[in-house]
Amino acid sequence: LPGTDGAAKMSKTVGNCIYLSDDEKTVKEKVMGMFTDPGHLRVEDPGKVEGNPVFTYLKTFDPDQDLVQEMADHYQRGGLGDVKVKRHLLEVMQDLLTPIRTRRAEIEQEQDQILKMLKENSAKASAIAHKTLTQLKEVMSLDY
């Protein structure tokens with residue numbers, strides 16, 4: 001995906017990403033500040049969809065692709081403003097991220113249980129890896 005600033009790709013270093021961990025307010029700020037078509041100055045002006053990250057995100061995340069196509073056609077003809085398109089993207093992103101945020105909050109409450117599970121499974125994996133490595137050494141006559 002392109003960065004929210006219209007750069008070639010998202011970059012943590014540049015800070016042009018929308019993270020799964022971003023809260024609603026942060027996502028709103030990032031979406032509403034996204035780069036669009038610099039030539040689309042007035043609502044009635046025709047706009048370019050190609051290279052417009054807002055439409056790239058809509059094509060990627062909006063389950064209603066017929067609506068996305070209608071919006072893209074309307075934007076290209078003129079008469080559809082950037083703010084309206086961004087508000088729709090914001091709704092799509094919030095719908096997508098809300099269950100992730102909810103599950104993340106639940107998991108954060110279970111950290112002790114998760115750490116215990118990780119330690120137990122790490123010990124199991126280590127034992128299996130040790131056994132496999134021992135067998136491999138035997139087969140390759142490296143068991144000295």
Side-chain angles (χ1 to χ4, degrees), residues 1-137 139-140 142:
L1 286 171
T4 57
D5 60 358
K9 65 176 186 167
M10 283 195 228
S11 168
K12 186 175 183 179
T13 307
V14 176
N16 62 356
C17 302
I18 296 176
Y19 299 103
L20 295 176
S21 60
D22 284 344
D23 61 24
E24 286 186 36
K25 180 182 175 193
T26 304
V27 172
K28 181 177 181 180
E29 290 169 358
K30 289 179 178 182
V31 168
M32 297 309 288
M34 283 179 82
F35 175 83
T36 56
D37 175 9
H40 188 246
L41 302 175
R42 295 181 308 262
V43 173
E44 59 271 7
D45 293 340
K48 293 180 185 170
V49 172
E50 299 79 26
N52 186 330
V54 176
F55 281 99
T56 302
Y57 282 56
L58 284 171
K59 288 176 184 175
T60 304
F61 297 113
D62 192 337
D64 188 351
Q65 287 298 299
D66 292 336
L67 177 60
V68 172
Q69 188 58 52
E70 286 175 29
M71 291 178 78
D73 293 343
H74 190 177
Y75 190 80
Q76 289 174 314
R77 282 192 313 269
L80 181 60
D82 291 325
V83 172
K84 188 168 185 173
V85 177
K86 288 179 181 181
R87 284 188 181 142
H88 180 69
L89 175 60
L90 177 61
E91 184 179 314
V92 168
M93 296 303 293
Q94 299 295 21
D95 288 348
L96 177 74
L97 294 173
T98 296
I100 295 169
R101 285 187 202 110
T102 302
R103 183 63 182 132
R104 183 181 175 104
E106 291 169 1
I107 289 171
E108 286 175 353
Q109 299 301 315
E110 303 168 357
Q111 281 187 356
D112 292 340
Q113 183 180 3
I114 290 169
L115 287 174
K116 179 183 172 192
M117 200 169 45
L118 286 171
K119 286 179 184 176
E120 289 172 359
N121 288 317
S122 178
K124 288 178 187 177
S126 182
I128 292 168
H130 178 71
K131 181 180 174 184
T132 303
L133 186 58
T134 301
Q135 290 172 343
L136 180 65
K137 285 181 178 181
V139 170
M140 296 183 71
L142 299 172

*Asks:* Which pairs pass salt bridge (Lys or Arg N to Asp or Glu O under 4.0 Å) with one or both residues in residues 45-71, sequence neighbours excluded?
*Replies:*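 Sorted pair list: R42-D45.
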*Asks:* What verdict does the side chain to side chain contact (heavy atoms under 4.5 Å, CB included) test give for M32 and V83, after you've listed the backbone C-alpha separation in whole Å, the side-chain angles of each residue and the deciding distance to 0.1 Å?
*Replies:* CA-CA 7 Å; M32 297 309 288; V83 172; 4.0 Å; yes
*Asks:* Could you list all the side chain to side chain donor-acceptor pair (under 3.5 Å) pairs where at least one residue sits in residues 111-126, not counting sequence neighbours?
*Replies:*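 Non-adjacent pairs meeting side chain to side chain donor-acceptor pair (under 3.5 Å): zero.
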*Asks:* If every non-hydrogen atom of V49 is compared with every non-hydrogen atom of A72, which pair is closest and at what distance?
*Replies:*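 Where V49 meets A72 most closely, the heavy atoms are CG2-O, 3.7 Å.
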*Asks:* Can you name the closest pair of heavy atoms from T60 and L1 and give their distance?
*Replies:*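 Distance-wise, the nearest heavy atoms are OG1-CD2, 3.6 Å.
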*Asks:* Indicate the atoms forming the closest heavy-atom contact of N52 with D37, along with that distance.
*Replies:*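 Closest approach of N52 to D37: ND2-N, 3.8 Å.
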*Asks:* Which pairs with one or both residues in residues 45-75 pass ring-ring contact (aromatic ring centres under 6.0 Å, His included), sequence neighbours excluded?
*Replies:*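 Output for this query lists H40-Y75, F55-Y75.
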*Asks:* Is there a side chain to side chain contact (heavy atoms under 4.5 Å, CB included) between Q65 and V68 once you walk through the steps?
*Replies:* CA-CA 5 Å; Q65 287 298 299; V68 172; 3.9 Å; yes
*Asks:* Not counting sequence neighbours, list each pair that qualifies as a ring-ring contact (aromatic ring centres under 6.0 Å, His included) and has a residue in residues 3-27.
*Replies:*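 For residues 3-27: none.
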*Asks:* Once you round to the nearest 0.5 Å, how far does CD1 of I18 lie from CD of E29?
*Replies:*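 CD of E29 is found 11.5 Å from CD1 of I18.
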*Asks:* Just grab all the salt bridge (Lys or Arg N to Asp or Glu O under 4.0 Å) pairs involving residues 13-28, residues at least two apart or on different chains.
*Replies:*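 Qualifying pairs: D22-K30.
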*Asks:* From T102 OG1 over to L97 CG, what is the distance, rounded to the nearest 0.5 angstrom?
*Replies:*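 Those atoms lie 10.5 Å apart.
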*Asks:* If only atom types and distance count, is the side chain of Q76 paired as donor or acceptor with the main-chain N or O of M71 below 3.5 Å?
*Replies:*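 No, Q76 side chain to M71 backbone: no donor-acceptor pair under 3.5 Å.
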*Asks:* Hey, what do you get for CD (Q94) to CG (L89), rounding to the nearest 0.5 Å?
*Replies:*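 Nearest 0.5 Å value for the CD-CG distance: 9.5 Å.
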*Asks:* Do you know which two heavy atoms are closest between A7 and N16, and how far apart they sit?
*Replies:*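 What the structure gives for the nearest pair is CB-ND2, 3.7 Å.
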*Asks:* Apply side chain to side chain contact (heavy atoms under 4.5 Å, CB included) to the pair H88 and L67, showing each step before the final yes or no.
*Replies:* CA-CA 10 Å; H88 180 69; L67 177 60; 3.5 Å; yes
*Asks:* For a quick test of reading the model, state the closest non-hydrogen atom pair linking P53 to G6 and the distance between them.
*Replies:*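 That would be CG-CA, 3.8 Å.
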*Asks:* Test: salt bridge (Lys or Arg N to Asp or Glu O under 4.0 Å). Region: residues 79-103. Which pairs qualify, not counting sequence neighbours?
*Replies:*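 Qualifying pairs, neighbours excluded: R103-E106.
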